[in-house]
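See structure below.
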Protein chains: 2
Amino acid sequence: MNVQSVSSYAFFDDEPADTRAAIMQATYRALCEHGYAGLTIQRIGDEFPKSKSLLYHHYDGKDALLVEFLSFMLRRFEATIPDREYEDARDQLTAIFDHTLPRDPAPERAQFRAAMVELRAQATTNRAYRTHFTRNDRFFRERFAAVVRRGIEEGVFREVDPDRVAAMVVATIHGAMQEEATTNGAESAHVREELRAYVRSQLLAENVTPETIG
Amino acid sequence: MNVQSVSSYAFFDDEPADTRAAIMQATYRALCEHGYAGLTIQRIGDEFPKSKSLLYHHYDGKDALLVEFLSFMLRRFEATIPDREYEDARDQLTAIFDHTLPRDPAPERAQFRAAMVELRAQATTNRAYRTHFTRNDRFFRERFAAVVRRGIEEGVFREVDPDRVAAMVVATIHGAMQEEATTNGAESAHVREELRAYVRSQLLAENVTPETIG
DNA sequence: TGGAACTGAATGAACGTTCAATCAGTGAGT
DNA sequence: ACTCACTGATTGAACGTTCATTCAGTTCCA
């Protein structure tokens, strides 16, 4: 609730549009501060200007609130993945890497990813969560595979299997995110470099000069 | 507690050596059945022939018990990673892949990995957990990098950066494990295949026939 | 006989949830 | 213009349950 923590939530609109949006914001804050294990109705209420009983007027209960919160988070995640706004497939691919494995991530990004890792772990047990993450992973892979297909059409990439490549790269990105969120190590730099080496040797067509890749 | 669930815990010795081992076994069962969020002292006590108050005689409290349990799990994990018992680096590498991303994993393996994903997520919040996973990841990467170094010495692999390769491959394996534990998808087959393609094109020296790789 | 292993019952705190009661606003009927 | 009925938002005080933990007492064994 101090100034520093508020600024690190800049990822959210400072003034939420309505009460339900404010509840989502409060839930996010409580999750970041106390972790999923410490995410209680009380704590959500504390991060929220109105009373905690109001939560039950807007949601059927804690489970329903959290499932809605998960949808909310995944929508944010999907909205931020770079789409077709780039000149060619190589640029878009670079943009996706930079976005998901940034060189020096902003604290708010790191916090968001930590929250996602915590939420995802619940999917091992919670069926609704699992359904959402299945759908979200498919979306991410499909977006990535589309870039690869585009690259092949443009003659920039070789004729690889886009789905297979997407499956591996997405797994690698998720693995690096998980590692960043759950260890003190800083291996994501290594992962990023080796992922680029993989792209150069495996994806890039031979007539394209590798040096032009960032 | 039925026959089927008991057999799926075959990964543990059926008769634990002492009471503390029995407590670890009970904790594992409770974690698998109820998830980390539902892992209570009561539930651990239920999976355990003696009384739940006995847990406090052997451990200082729930936190201490769970930290010890995490050590216990990570020791198991480290013990099962293939070591130098193979003829050459390629065989050992294949063994590590087969072990961490098996074609059709035994249910007990899948359950173990799901438990690991849940435990790891706690490391975002819990400092002791984070320390353990940092150490465990370093161990896994170092073991993998050692194989790569061995392969380079043997002339089977190119002169790549072993640490960089290890960082990426380990991230990919963790990502695939996480995905398997938290979604309904079955993308690990794709990941496995593409990981092998990466090994062929990036790691394998050019005079080695790729077909001999499983 | 003394200490370690073990137990059942109890405790207070924290949990999710409920509920009667207010409050602000809106539209209808007169 | 006035009020009545109704609605959704909001609150504070409760509720019963479950949680981790304690402890006095018992059994086991060296």
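Keep in mind it's a predicted model, so treat the numbers as computed, not measured. Below, read A as the first sequence line, B as the second, and so on, with proteins coming before strands; counting in each chain starts at 1.
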Does a side-chain N or O from [X] land closer than 4.0 Å to OP1 or OP2 of [N], or not?
{"X": "Thr40(A)", "N": "dA14(C)", "value": "no"}
{"X": "His57(A)", "N": "dT10(D)", "value": "no"}
{"X": "His58(B)", "N": "dC6(C)", "value": "yes"}

#### Entry: Pair Thr172(A), Thr172(B): side-chain N/O donor-acceptor within cut-off below 3.5 Å
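Per modelled atom types, Thr172(A) and Thr172(B) side chains form a pair under 3.5 Å.
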### Message
Quick one about Gln42(A) and Asp46(A) (side-chain donor to acceptor, distance below 3.5 Å, no hydrogens or angles considered), yes or no?
### Response
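There is such a pair between these side chains.
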#### Entry: Residue Lys62(A), side-chain atoms from C-beta onward, closest of dC6(C), dG16(C), dA9(D)
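It is dG16(C).
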### Task
Between dA20(D), dA5(C), dG16(C), spot the one nearest the side chain of Tyr56(B), thanks.
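My answer, after comparing the listed nucleotides, is dA20(D).
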Could you give the [atom1]-to-[atom2] distance, from [X] to [N], as a whole number of Å?
{"X": "Asp18(A)", "N": "dA9(D)", "atom1": "CG", "atom2": "P", "value": "10 Å"}
{"X": "Gln42(B)", "N": "dA9(C)", "atom1": "CD", "atom2": "C1'", "value": "13 Å"}
{"X": "Phe48(A)", "N": "dT10(D)", "atom1": "CZ", "atom2": "P", "value": "7 Å"}
{"X": "Leu55(B)", "N": "dC19(D)", "atom1": "CG", "atom2": "C1'", "value": "14 Å"}
{"X": "Arg20(B)", "N": "dC6(C)", "atom1": "CZ", "atom2": "P", "value": "12 Å"}
{"X": "Ile41(B)", "N": "dG8(C)", "atom1": "CD1", "atom2": "P", "value": "17 Å"}
{"X": "Leu39(B)", "N": "dT18(D)", "atom1": "CG", "atom2": "C1'", "value": "15 Å"}
{"X": "Leu54(B)", "N": "dA9(C)", "atom1": "CG", "atom2": "P", "value": "16 Å"}

### Query
With a 4.0 Å cut-off on heavy atoms, is Ser53(B) in touch with a base, just the backbone sugar-phosphate, or nothing at all?
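Base contact.
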### Task
Cation-pi check, Arg150(A) to Tyr86(A): give yes when NZ or CZ is under 6.0 Å from the six-membered ring centre and within 45° of the ring axis, no otherwise.
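Arg150(A) over Tyr86(A) ring: no.
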### Query
Is it true that the NZ or CZ of Arg90(A) lies under 6.0 Å from the centre of Phe157(A)'s six-membered ring and within 45 degrees of the ring axis?
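Verdict for Phe157(A): no cation-pi partner in Arg90(A).
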#### Entry: Glu78(A) and its salt bridge (charged side-chain N to carboxylate O under 4.0 Å, His left out) partner, picked from Arg138(A), Arg135(A), Arg143(A)
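By the salt bridge (charged side-chain N to carboxylate O under 4.0 Å, His left out) criterion, Glu78(A) pairs with just one of Arg138(A), Arg135(A), Arg143(A): Arg135(A).
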